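Taking it in order: structure first as structure tokens, then the write-up.
Note that the structure is predicted; figures quoted are calculated from it, not measured.
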Amino acid sequence: MALTAGQVAGTAAQEHTGSSKAEGTGGVKGESARRGATTVSDRSAGRIAAQAAREALVPYPHAGARATADSRRGRTKVALEIDLPYPLDIDAVCARVRQHVAERTAALTGIPVASVDVLVGRLTPVRALNAERVV
């Protein structure tokens, strides 16, 4: 049986290291395949994102947040709906919330966040929040 140059080199390397390809000594990649993977459900990622949004909204009274997440191909997309008091700089607040949610969700889940879509669901005038209710 005739061997090609590549087969000869492979056989020589196998004899030198004392291992074969069938043993799964693929370095780091082989180790990660044996360890398994941690999965985070979309519901859990959504709850983490909503909590991260509430963290970013602490300075604003009566602000609220709801979130959903969709994880595919090792990345997460977050859809976020927030309620804000008014008046305030909506663009600046949304940008701050978007950045905080992306960083915090990625840090806590270990999955990169591809995008955070922010929808302002409700604006409540501050004077309505501070008004006393007469019964």
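Heavy-atom neighbours of R47 CZ from other residues, nucleotides or ligands within 6.0 Å: at or below the threshold of 12.
Scanning for side chain to side chain contact (heavy atoms under 4.5 Å, CB included) contacts around A79 gives T68, with sequence neighbours left out. Under the side chain to side chain contact (heavy atoms under 4.5 Å, CB included) criterion, L123 pairs with L84, Y86, I90, V120, not counting sequence neighbours.
The CG atom of L108 sits 11.5 Å away from the OG atom of S44 when rounded to the nearest 0.5 Å. Between atom CD of residue E81 and atom CZ of residue R122 there is a gap of 8.5 Å, rounded to the nearest 0.5 Å. To the nearest 0.5 Å, atoms CZ (R96) and CG (D89) are separated by 8.5 Å. The line from CG of L119 to SG of C94 is 9.0 Å long, rounded to the nearest 0.5 Å.
Between K77 and S115 the shortest side-chain heavy-atom distance falls below 4.5 Å. Counting heavy atoms from C-beta outward, V101 and V113 have side chains that stay 4.5 Å or more apart.
With hydrogens and angles ignored, the 3.5 Å screen pairs no side-chain donor or acceptor of R75 with any backbone N or O of P112. Under a 3.5 Å cut-off, the side chain of T109 and the backbone N or O of T105 do form a donor-acceptor pair. D42 places a side-chain N or O within 3.5 Å of a backbone atom of S71 that can act as its donor or acceptor partner. Using modelled atom types, no side-chain atom of R66 and backbone atom of I82 make a donor-acceptor pair closer than 3.5 Å.
Minimum heavy-atom separation, V40 to A45: CG1-N, 4.0 Å.
When the options L80, V116, V93 are evaluated for a side chain to side chain contact (heavy atoms under 4.5 Å, CB included) with R98, the one that passes is V116.
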